[in-house]
Amino acid sequence: MEYNFRKIEKKWRTNWEKSQLYKVDIDYNKQKYYVLDMFPYPSGAGLHVGHPLGYIASDIYARYKRLQGFNVLHPMGFDAFGLPAEQYAIQTGQHPAITTDINIRRYREQLDLLGFSFDWSREVITCDPKYYKWTQWTFIKLFKSWYDKSIEKARPIDELITIFETEGNANINAATNQTKIFSEKDWRGFNEKEQQDILMNYRLAYLSDTFVNWCPALGTVLANDEVADGYSVRGGYPVERKKMKQWLLRITAYADRLLAGLELVDWAEHIKEVQRNWIGRSEGALIRFPLKDIPDKYIEIFTTRPDTIFGVTYVCVAPESELVALITKTSEKDKVEEYIKKSLNKSERERLTDIDKKTGIFTGSYAIHPFTGEEIPIWIADYVLASYGTGAVMAVPAHDSRDYAFAKQFGLPIKEVIKGGDISKEAYEDLEGECVNSDFINGLKPAEAIQKVIEEAEKRGIGSRKVNYRLRDAIFSRQRYWGEPFPIYYKDGIPYPLDESKLPLELPPVDSYLPTEDGKPPLARAKNWKTEEGYPLETSTMPGFAGSSAYYIRYMDPNNDNELVSKQAVDYWRNVDLYIGGAEHATGHLIYARFWNKFLYDIGVVVEDEPFAKLINQGMILGRSNFVYRAKPIDFAIYKLKNILPLIFDNYELNLQNDIITVSLPHFKTYILIAKNDDIAYAQALAASLATNDNKILIINIANILLGNNLKEIIENEIKNLREREIKLIGEDITLPPIFVSKNVEGREEYTYPIHVDISLVRNDILDVEAFKKWQPEFANAHFILEGDKYICGWEVEKMSKSKYNVQNPDDVVNEYGADTLRLYEMFLGPVEQSKPWDVAGIEGVHRFLKKFWRLFFDDKDNFYLSDIEPSKDELQILHKTLKKVQEDIERYAYNTAISTFMVAVNSLQELHCNKKAILEPLTIALSPFAPFITEELWQLAGHTDSIHNAKFPIYNEKYTIDDTCTYAVSFNGKTRFTLDIDLAADEETVKKIVLSHPQSQKWLEGKEPKRVIVVKGKIVNIVV
RNA sequence: GCCCGGAUGGCGGAAUUGGUAGACGCGCUAGUUUCAGGGACUAGUACUGUCACAGGUGUGCAGGUUCGAGUCCUGUUCCGGGCACCA
């Protein structure tokens, strides 16, 4: 019987769906295991072969765990809100829900082909109101919470109000942007608006007037992780800084926990590192510099280098800082205002370029150095970031390269306080050296000085130790249509949350997906976008990461309309044991989801502080592009002539004139003009001008040069037969077809240029010439210069993209080879984490392996036959060694080596003609996570009624994994010379004796006595001569 | 500039703890076949050398540690990724 994968796979797809094989429920008799994939955004292009890489890897693990008796949760869904669908809606007027739904169905079809063990009854779709109800619900919870730093936990806002009412805010250690202190009496005296404004400074979801990343092209603000180098990550449009009122999430409250939690999770080190950088914790000190002219007022700065405080030569404030008004002297006011205006209008992009060229302006006022009492000028400069630290810095040009550049620019003093560098050339930033010119820290090492200065500052009450974070609060509103509406309404301009019973607040229909005339978001177009009481609703929507921040929780209990997740479900499933997805989410989704989870943990919804215990980032599958080489006719002709002419003439000169090649042969008083068909007239004119002085002229159509065979003879004969003053035109009157030159034809690089060719027209880098001619009309009459009888294409590894004609569609591969082959091949390519090129050629190998495996189960007459005969020791050894290796490999996610282990086993069993049930059945189970269809079919043919995917993973027997003898590598001075099989039981002395008495040893010893013999039992013998 | 990775045949990759470098697959070469072939099978395939053996050289480069280094250490080059005026 033939391995008919199409029939087999179709049969089992239906069968499994009917029997609900992959549906899971809470089962207290089994241990849970949660395997999750980052759910896809369903784009219009469908899946290409790179997408399933992670899904296959996770599916293998999920199936393996299941075979080991775990209750495996392995769900899938769709991240369906987002910009591309909305952009498409703007272009076509189609509702994004419709196109999204079409795309989801297409994705689902493609995913279904691949035989994943997803429990589709748990599917979540983020744009489904039943789902986003809980996104909105969580937002309300965030709105109604504040963060108590003294217990490192979120608490209800009502408790904060109680504290305000009883003692004001003086003793609260909260994550807040509230700076004013008030008493309980003050609180009671505030009106509703004043109270709400203060509470807003404490809420974990809050509305704030801040500088945001505004992207005019997309018509929306973006979060920091959505901006790279001043351009939007999606679409690549320029981004500006703009002050706007926006919703933010107070993720900074969790900075410390987000950092600490990284120690508890099993993630790739580089991803943790990216998150650490993103959080950007730095230890230092807050130090106050009193203002010279205004008593009791000061500038507070943050520094990580208090050891350089005696090197401060100016203080610098960000243009956005509130201090600006206070410190600007009337005399300087105009200039300062002009500078601020200019710098605030700079785009993010402009600000990032010319980092070396600093700008700034003197304010006219001075601060007092807290230790020396010196007067220090105060400047404003946009190299100081308003949003980091206090928005002001103490500038130490000698030991900070930015301050150094600024000081040089404006002629400010540079004062060395740490010995070790050469400050006449550049700032010395190292922590090595010794403090000088620094009062009480002279002679200390910088590291010690840092501590000493902080202690001293605290003693004198002028500063304190402080930890700062680079992490910013996440901007949470988007001025777009296709996202979750905020469950917020406004009463007298004050935002209030909707009552939970009103959720979900569904996305209303609008007549257009564009902003309104007066620049309001699309939701402002919706009719009756207000509460029942008539209060207007928020018109922004939530960003992409809102819906993806808690989807893994919702999978645990996806159809629960009363809770985000039931206590029972979350107690059982807890968190994700294995999470697989792309590394591009390191600073976006993976940090927001951790934050979101920690908040839900604080309010008692989830039970684990970290959502993803183990993370694997799959690499990309890159495309393997193919190229054909199209000849540049003139260059090609010149190349050919240069090869032929020397064989005929001793002396000639070759020139190029207006696309016509002229060859002058002074000896023969002859010119040869080579012209393209459409240049013949010009060539004739040219010939006429040359035809003085008795010259003979031959005009040749370039097609003859490029396509003709006996070029040499033609030229020779024609020259011979030319008469005096004759102008002769030879060659057929044909237009030059496109000419393609095979890759390894000599000199090809000189006269061709590569163009991408569709990879479906190429097999093993050999071009299907006929198919190529049909590919594009202009190539219909193409001419090919072959190698032998083949056209060989060039290739290169690039990202998969339509324009490079290198996209491989999984459906096509499944159709040609089957899903099992595709699964196996994607895993066989190399380690999951690594990016690698997709090469169609290699797929034959794994397909062949499956066919070989299949054939083991059939006899000469092609009947299914498994023998019940006891297996031999050899066979048992093959089986158990394979099982051991495969299990070890799966557990370290090294699927590529697991598959080669199977290949080795099948090759060996085939050699032994093994068809024994006791060997092949366990092997089939072990292979089933990789190739679920073929194994299920063989399992059924072997007479089993239950699915192989409910079987038990076979346990290997150590006894059969050990050989009796060992092949020792015998080396002399570390160079292996020969191998020797010796009984494994032999002790070192025996091994030594056997090796030394071997005739080969005598040869290598050359009669000398060995200086030393090293025997590593079971491995090698090294003889030092 | 800073921080992470990586570099092994014609190609993807293997070598898990310092112990036979190149498993497995592709490709290529030759052959077998009751063969339409893009089928199945057998043998070979790091480089160099030789009729064949023998030998020599080999994991980006230069050193070092070791009986022994792809693996550890130092320096260096190149490639990929992340961050980037974060005080």
Side-chain angles (χ1 to χ4, degrees), chain A residues 228-229 268-278 280-282 284 301-305 308 316 351-352 354-356 358 381-385 387-396 399-403 405-406 429 468-472 583-584 586-587 624 763-766 795 797 824-825 828-831 833-849 851-852 855 885 888-889 892 894 896-904 907 910 967-979 1003 1010-1016 1018-1025:
Chain A
D229 282 339
E269 200 44 51
H270 74 274
I271 294 287
K272 291 194 196 181
E273 200 55 38
V274 168
Q275 291 217 345
R276 281 188 203 113
N277 289 341
W278 192 257
R281 183 182 199 269
S282 48
I301 58 92
F302 173 73
T303 177
T304 56
R305 292 295 301 272
T308 63
C316 207
R351 220 178 153 163
L352 286 172
D354 295 335
I355 279 179
D356 298 329
K358 302 267 187 281
D382 63 6
Y383 82 91
V384 178
L385 301 177
S387 48
Y388 184 75
T390 59
V393 301
M394 62 175 213
V396 185
H399 305 292
D400 182 290
S401 55
R402 296 152 303 179
D403 298 340
F406 190 84
E429 296 182 313
N468 232 321
Y469 297 93
R470 200 187 79 106
L471 185 72
R472 306 288 151 77
E584 67 275 16
T587 52
R624 189 178 186 279
R763 194 172 190 99
N764 295 344
D765 292 335
I766 298 164
W795 61 272
V797 171
L824 231 37
Y825 183 54
F828 184 68
L829 276 172
E833 300 90 335
Q834 214 166 294
S835 288
K836 56 229 143 190
W838 175 267
D839 186 348
V840 223
I843 203 165
E844 301 277 356
V846 286
H847 189 63
R848 221 165 277 159
F849 156 73
K851 282 199 273 190
K852 273 192 215 171
R855 241 176 290 128
K885 173 92 173 113
E888 283 169 0
D889 284 351
R892 62 188 181 103
N896 54 332
T897 50
I899 292 166
S900 55
T901 305
F902 279 118
M903 287 174 168
V904 173
N907 288 344
Q910 188 184 30
T967 308
Y968 280 86
V970 182
S971 54
F972 292 79
N973 293 331
K975 282 206 191 309
T976 306
R977 297 303 182 180
F978 61 96
T979 60
K1003 179 190 155 188
K1011 267 191 205 152
R1012 199 174 150 192
V1013 179
I1014 294 132
V1015 178
V1016 180
K1019 285 194 173 136
I1020 58 113
V1021 178
N1022 189 19
I1023 297 156
V1024 185
V1025 186

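Letters A, B, ... mirror the listed sequences (proteins, then strands); counts begin at 1. What you are looking at is a predicted structure, and each value in this text was computed from that prediction instead of being measured.
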statement: Annotated structure of RNA chain B as dot-bracket, pair cut-off 3.5 Å, Watson-Crick or G-U only, | for inter-strand, is (((((((..(((......[....)))(((((((.....)))))))(((......)))..(((((..]....))))))))))))....
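- Of the candidates B:C67, B:A87, B:A40, B:C67 carries the atom nearest the A:Val1024 side chain, counting heavy atoms from C-beta on.
- Spacing between B:G19 and B:U71 at atom C1', rounded to whole Å, works out to 11 Å.
- Between A:Phe302 and A:Tyr388, the two ring planes are perpendicular [angle over 60°; tilted spans 30° to 60°].
- Taking the C1' atom of each, B:C28 and B:C83 are spaced 45 Å apart, rounded to whole Å.
- A:Asn907 comes within contact range of the sugar-phosphate backbone alone, with a heavy-atom separation under 4.0 Å but no base atom that close.
- Note: A:Lys852 NZ to A:Asn907 CG = 4.0 Å, rounded to the nearest 0.5 Å.
- Aromatic ring orientation, A:Phe978 versus A:Phe972: tilted (interplanar angle from 30° to 60°).
- Taking atom P on both B:G6 and B:A15, the two are 14 Å apart, rounded to the nearest angstrom.
- Atom pair A:His399:NE2 and B:A87:C1' shows a separation of 14 Å (rounding to whole Å applied).
- A distance of about 25 Å separates the P atoms of B:U32 and B:C47, rounded to the whole Å.
- In this structure, A:Arg977 reaches the B:G56 phosphate: one of its side-chain N or O atoms is under 4.0 Å from OP1 or OP2.
- The P atoms of B:U76 and B:A69 are separated by 24 Å, rounded to the nearest whole Å.
- When the P atom of B:G25 is taken as reference, atom CG of A:Leu824 falls 12 Å away, rounded to whole Å.
- Residue A:Leu471 holds its CG atom at 12.0 Å from CG of A:Asn277, rounded to the nearest 0.5 Å.
- B:G13 and B:G68 have their C1' atoms separated by 26 Å, with the value rounded to a whole Å.
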- request: At under 4.0 Å between heavy atoms, which parts of nucleotides 7-20 of chain B does protein reach? Answer with one letter per nucleotide, 5' to 3': B base, S sugar-phosphate only, - none.
  value: -----BSSSB--BB
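- The residue A:Glu833 sits apart from the nucleic acid: no heavy atom pair falls under 4.0 Å.
- Side-chain nitrogen and oxygen atoms of A:Arg1012 include none within less than 4.0 Å of the OP1 or OP2 phosphate oxygen of B:U66.
- B:G44 and B:G10 are spaced 16 Å apart, taking the C1' atom of each and rounding to whole Å.
- On the P atoms, B:A23 is 28 Å away from B:C73, given to the nearest whole Å.
- Within the structure, every side-chain polar atom (N or O) of A:Arg470 is placed at least 4.0 Å from both OP1 and OP2 of B:C83.
- Taking every heavy atom of both residues into account, A:Ser387 and A:Arg472 meet most closely at OG-NH1, 2.9 Å.
- At whole-Å resolution of the value, NE2 in A:His270 and C1' in B:C83 are 13 Å apart.
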- request: Show your reasoning for whether salt bridge (Lys or Arg N to Asp or Glu O under 4.0 Å) applies to A:Lys851 and A:Glu844.
  value: CA-CA 10 Å; A:Lys851 282 199 273 190; A:Glu844 301 277 356; over 6 Å; no
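- One can place CH2 of A:Trp278 at 18 Å from P of B:G81, the figure rounded to the nearest angstrom.
- Following rounding to the nearest Å, A:Arg281 (CZ) and B:A87 (P) show an atom-to-atom distance of 12 Å.
- Among the atoms of the strands shown, only primed sugar atoms or phosphate atoms (P, OP1, OP2) are found under 4.0 Å from some heavy atom of A:Val274.
- Along RNA chain B, the nucleotide nearest A:Ile843 and the nucleotide nearest A:Gly280 are compared for position; the residue whose nucleotide lies closer to the 5' end is A:Ile843.
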- request: Begin with the C-alpha distance, continue with both residues' side-chain angles, and end with the deciding distance and a verdict on salt bridge (Lys or Arg N to Asp or Glu O under 4.0 Å) for A:Lys885 and A:Glu888.
  value: CA-CA 5 Å; A:Lys885 173 92 173 113; A:Glu888 283 169 0; 5.8 Å; no
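- Atom CZ of A:Phe902 and atom C1' of B:G25 are 16 Å apart (whole Å).
- Nearest heavy-atom pair across A:Arg305 and A:Met394 is O-CE, 3.6 Å.
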field: A:Asp400 and A:Glu429: CA distance, side-chain angles, deciding distance, side chain to side chain contact (heavy atoms under 4.5 Å, CB included) verdict
entry: CA-CA 6 Å; A:Asp400 182 290; A:Glu429 296 182 313; 4.3 Å; yes
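- Of the possible polar contacts, none joining the A:Asn468 side chain to the A:Ser282 backbone as a donor-acceptor pair under 3.5 Å is found.
- Rounded to an integer number of Å, the gap from CZ of A:Arg276 to P of B:C3 is 15 Å.
- Atoms CZ (A:Arg472) and C1' (B:C83) sit 13 Å apart, rounded to a whole Å.
- One N or O on the side chain of A:Ser971 and one on the backbone of A:Val1021 form a donor-acceptor pair closer than 3.5 Å.
- An anti base is found at B:G70: its glycosidic angle is more than 90° from 0.
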